[in-house]
Amino acid sequence: MGLAEDFPTRYEPKNVEPKWQKFWAEKKLYQFDETEGAKNPSKIYSIDTPPPTVSGKLHIGHVFSYTHTEITSRFKRMKGLNVYYPFGYDDNGLPTELLTEKDSGVRAHQVERSEFRKLCRETGNKYSQLFRDLWIKLGFSCDFDSAYSTISSTSQKISQWSFVDLYKKGKVERRKEPALWCTKLQTSFSQAEIEVEYIAGQFVHIPFTIEGLPPLQIATTRPELLPACVSVFVHPDDERFKPYWGKKVKVPFFGHEVPVLTDDKAQMDKGTGAVMCCTFGDTTDIQWWRQHKLPLREAINKFGKMTEICGPLAGLKIEEARQKMIELLTEQNLVLKVIPIKAEDRPVNTYERSGAPVEYIVQPQWFIKVCDIKEELIEIGRKVKWYPDFMRARYESWVQNLSWDWAISRQRAFGVPIPAWVSEDGQHIHVADFSQLPIDPLESKPSIPCPQGEWKGEADVLDTWATSSVTPLINARWTLDNERKSFLPMSMRPQAHDIIRTWAFYTILKSYYHFNDVPWAHAVISGHVKKPEAKVDGQQLAGQQFVKKTKISKSKDGETYAPDKILERQCADAIRLWSAGASLGVDILFDENGMAEAQKFLNKLWNASRFALMQMEGFTPDSKIQTVNPEDHWMRARIKEVHQLVEKSVEEYELHRAKVELDKLFWITFCDNYIEFVKCRVQSGSAEQKQSAFQTLYDSLLMILKMYAPYAPHITEEIYQIAFKRFENVDSMHQLRLPDPAALTAQETQGLKQGEALVELIGAIRTFKSKRSIGFKIPAEEIHFSCDAETLKLLQDSLVIAQNFASAQSVKSVDAKALPADAQEAPGKTLSVWIQYNEENLKKKSG
RNA sequence: GGGCAGUUAGCUCAGUUGGCUAGAGCAUCGCCCUUACAAGGCGAGGGUCGUAGGUUCGAGCCCUACACUGCCCACCA
């Protein structure tokens, strides 16, 4: 069997990639070794894979950041670790509901709850399958048998266990208080789900009348909240309003009287300096309402409509009411001034899942206490090692600025039920026993009697994050029969930086409450993929392109950026190599050209392997073969050097840094130089020298392939199967192990210097010829070179290579003074070269 | 307003304890179809490393101030 026949001239990823994906799956190559894990927990490397939210298609950003984890997992496996790399889907909760509504056209409230939940499960399954297919096509080494879904009954059980445990520890509370509310989706939500949007508005100046004094002018952007006004605030230092302090003013149009109070939070220079406090326009209103024990006047109901107390506004939507209010006030000459506010000057908090402006509704909600343990949370966050380290600052700034406890109840249909019952008056709570979980409180009743009326099962479901924050527990099969002892903390959590305040934060929080420990040793934070966009605004300098980075939109940029579309144009290995080309935590610009470059690399790897292996036709590798030539020692030394760097970089999750070094090794050392050096030896060297070259080629190429295998698993597998398997006796490339980096031998240290000197000499010869446009094949007479004594000694054994390079008849070292003035100097070195050509030969070329 | 990053070649970016003349890819130009690879090879041009100071024998890297860009957080009357 000849290698030449086995090794096609071209690498065809379209055929090769699916072939090995199937092979790996059949061999169950990436399955976590449960038995070994139980015996040897210190060898486990466990990854808390992000379960992508089932809210539509995956985008290139997912591919980018998941690829980093995927490559890391392969490296860890090659280091002999028992890698647990699961696959999950976050298919519970509001995102799935919204997707289901969109796909099916059925709204949650239009059908029975159970009916809608069924639709949601179907939707979840459909998209989960799509996700899985994509991961497989990208060559991901997830253990697909370890897949979990957050709506599964085991996930529900663990999520509910977490709820019950926290309740028993006094960390869960049910409170009736103003909560963040989305009027569009009719649910409460948490601080983490707030997104700031900039919406233009207007300041309306309105007079509040009082007997014996001129009317007090207030400025508001929300005149529709006048009926909810419960007081007016001014700053205690603001002398202008001193006469009004403690007095009551009349709310225009509605006529109820409210007190004028002082508080530091009222800004003198904003609006008129006097501000109305309504229940509730913003968080300051809530603080004032609490602090000053103000009454509650609710103007907006949970559907975003105005309430009965709003008189002529009742029943209107908020926006409509605002317009109507201005009209009504204007009719009575109660609008003193209208000042438009530009969008950029008016940040408005919105709910990230609906885009609707935040409202505040007083309803009983479930909370997990966080505001009182900020210091502890920061401390526990410091016990996690963050990669890159500066990402910890985001976590800390988020924790420091927390102002709401975590609202975990959602007034929605499809989620993990809150395992609790409440008495009719809301004063008594009964939470399920651990043994009952999972449970839907709407379908069963507690056995103990209710102290007041009947138990009512809690209809709210949990925030999706309440479940995804226990993914380490789901992975550890917490409380299940086959619980994985000592699985926690997990080795690492990979995720993108946008969900530090949600996923990372909540996971740390829960781990702290449950176990007083970190959930994982490492948090590895990746950047985003941005799309390049020509800058159109502002001045565009002539001939200069400005590149603006913007977020990729799933809907608008589908064709260009959808992973399945990209996979039609680029092979998986190329996409992976491109993804690995960003520094850790840094956003990257989408660059299909970069994938094309990666494709070129794959061709190069293919061709170099093909050539090297064809040279070795009939050779049987044997570790006992003596390495004799300095170039061989040099090649081996370079491999070791790079291997060290690769291991160190991968240890720090700097896959890009490792790749840069590998690329230099492969492209420059191996292809441009080593292979070229060896060419002459395999033609004319002694048997011993040939053996040395072959063995070095074999070892070097295999080592290079091993180090590239995590990045480009398909092509390395293909080459391995064709050429190496027969000698290595292991089923797959990906079952090979990376040895620990070894120190250089004395010969290798020497070889390193010799190789460098040779590269220098060859470089000078190349430059000499290139500058004179002398063709590669033109034979030279004699090469003259000058260099210091030390370099000369290093070059002594390799001069034949230089001679071969220029097809010269001889090569000799001369004194520097003996060289012509236009001899070629090696850059920055003492070495110079002059090549003597036969005029006839040079003419032949030009003629 | 507070914080975190970044600013290096025309473009996109490396540059890891401070150390020879600052690198790569793309783009540009020149040469070469060389028995692995023209989807390639060899070579060339191109940089006051954001600005101004400081520390040091020596600074792209450390310190200070400033400018600009991006992000996170706060700001919502």
Side-chain angles (χ1 to χ4, degrees), chain A residues 7 9-11 196-199 201 203-204 218-222 225 232-233 265-267 270-278 281-285 288 341 345-349 357-358 388 390-398 400-401 403 497-498 500-501 527-528 530 532 543-549 581-583 585-589 591 593-594 596-597 599-615 645 648-649 652 654 656-657 660 663-664 667-668 671-672 675-676 679 763 765-778 807 827-829 845:
Chain A
F7 224 121
T9 45
R10 263 173 160 5
Y11 175 60
V196 175
E197 296 221 12
Y198 291 84
I199 304 171
F203 256 136
V204 184
I218 64 103
T220 180
T221 55
R222 300 197 59 182
L225 288 179
V232 171
F233 279 92
K265 286 199 192 66
Q267 294 172 37
K270 198 153 184 180
T272 62
V275 54
M276 66 173 184
C277 170
C278 307
D282 60 27
T283 51
T284 317
D285 287 348
W288 281 334
I341 312 172
D345 296 330
R346 184 162 174 265
V348 176
N349 281 342
V358 170
F390 66 77
M391 286 296 180
R392 199 186 63 242
R394 293 212 182 174
Y395 169 80
E396 292 186 4
S397 93
W398 176 253
Q400 253 143 17
N401 286 300
S403 51
H497 55 64
D498 56 334
I500 287 175
R501 73 182 194 181
H528 284 159
K530 297 285 178 65
Q544 253 185 328
Q545 301 162 304
F546 284 88
V547 173
K548 197 167 95 179
K549 299 173 184 182
S583 296
V586 171
D587 291 348
I588 191 175
L589 216 52
D591 177 20
N593 209 25
E597 275 169 41
Q599 184 62 58
K600 286 185 188 174
F601 159 77
L602 294 173
N603 292 328
K604 187 82 178 173
L605 185 62
W606 182 257
N607 284 315
S609 303
R610 184 165 159 266
F611 174 72
L613 295 163
M614 277 165 53
Q615 296 299 310
L645 284 164
K648 184 169 168 266
S649 302
E652 290 159 6
E654 293 283 1
H656 169 60
R657 196 182 290 167
V660 167
D663 286 345
K664 279 196 264 186
W667 215 287
I668 298 174
C671 292
D672 294 351
I675 284 187
E676 296 301 327
K679 272 182 184 172
I765 292 171
R766 280 170 167 161
T767 312
F768 182 94
K769 294 175 72 168
S770 182
K771 282 201 171 163
R772 289 165 180 76
S773 299
I774 297 168
F776 187 87
K777 271 185 170 168
I778 312 290
S807 315
K829 303 289 174 178
K845 179 247 162 190

Could you check whether A/C277 gets within reach of a base, just the sugar-phosphate, or nothing at all, counting any heavy atom under 4.0 Å? nothing
Distance-only, no hydrogens or angles: does the A/D345 side chain make a donor-acceptor pair with backbone N or O of A/I341 under 3.5 Å? no
With respect to the phosphate group of B/A39, does any side-chain polar atom (N or O) of A/W606 fall under 4.0 Å of OP1 or OP2? no
Nearest of B/C26, B/A77, B/G41 to any side-chain atom of A/V275? B/A77
Give A/K648 one of three labels, base, sugar-phosphate or nothing, depending on what nucleic acid heavy atoms sit under 4.0 Å from its own. base
Side chains of A/C278 and A/R222: closer than 4.5 Å at any heavy-atom pair? no
Give the nucleotide from the list B/C75, B/A36, B/C73 with an atom nearest to the side chain of A/P347. B/C75
Which residue lies toward the 5' end of RNA chain B, A/D345 or A/R657, if each is placed at its nearest nucleotide? A/R657
Which nucleotide, B/C72, B/A5, B/A14, lies nearest any side-chain atom of A/F390? B/A5
Within a strict 4.5 Å, meaning less than it, do heavy atoms of the A/I765 and A/K769 side chains meet? yes
Short side-chain N/O contact to B/C75 OP1/OP2 from A/K270, under 4.0 Å: no
Given RNA chain B, 5'-ward residue of the pair A/Y11 and A/K771, judged by closest heavy atom: A/Y11
Is a donor-acceptor contact shorter than 3.5 angstrom present between the side chain of A/S770 and the base of B/G30? yes
Regarding B/A39, can its base be found pairing with the side chain of A/E597 as donor and acceptor, where the two atoms are less than 3.5 Å apart? no
Compare the minimum distances between each of B/A74, B/A36, B/C26 and the side chain of A/N593, then state the nucleotide with the smallest one. B/C26
Which one, B/C37, B/C42, B/A14, comes nearest to the side chain of A/V586? B/A14
Phosphate oxygens OP1/OP2 of B/C37: is one of them under 4.0 Å from a side-chain N or O of A/T9? no
Just to confirm, is there a sub-4.0 Å distance from OP1 or OP2 of B/A77 to any side-chain nitrogen or oxygen of A/R346? yes
Record whether the side chain of A/N603 comes under 3.5 Å of the base of B/A39 through a donor-acceptor pair of N or O atoms. yes
Parallel, tilted or perpendicular: which one describes the rings of A/H528 and A/H497, with boundaries at 30° and 60°? tilted
Show the distances under 3.5 angstrom between N or O atoms of the protein and N or O atoms of nucleotides 22-24 of chain B.
none

Is any side-chain nitrogen or oxygen of A/K604 closer than 4.0 Å to OP1 or OP2 of B/G41? yes
Sugar-phosphate only, base, or nothing, as touched by A/Q267 at under 4.0 Å among non-hydrogen atoms: base
State, yes or no, whether a side-chain contact exists between A/R657 and A/V660 at a heavy-atom distance under 4.5 Å. no
Sugar-phosphate, base or nothing in reach of A/V196, heavy atoms under 4.0 Å: base
Touch check for A/F233, heavy atoms < 4.0 angstrom, all strands: base, sugar-phosphate only, or nothing? nothing
Less than 6.0 angstrom from the centroid, inside 45 degrees of the normal: does A/K270 satisfy that with respect to the ring of A/F203? no
What contact category does A/E676 fall into here, base, sugar-phosphate, or nothing, at under 4.0 angstrom with non-hydrogen atoms? base
Sugar-phosphate, base or nothing in reach of A/S649, heavy atoms under 4.0 Å: nothing
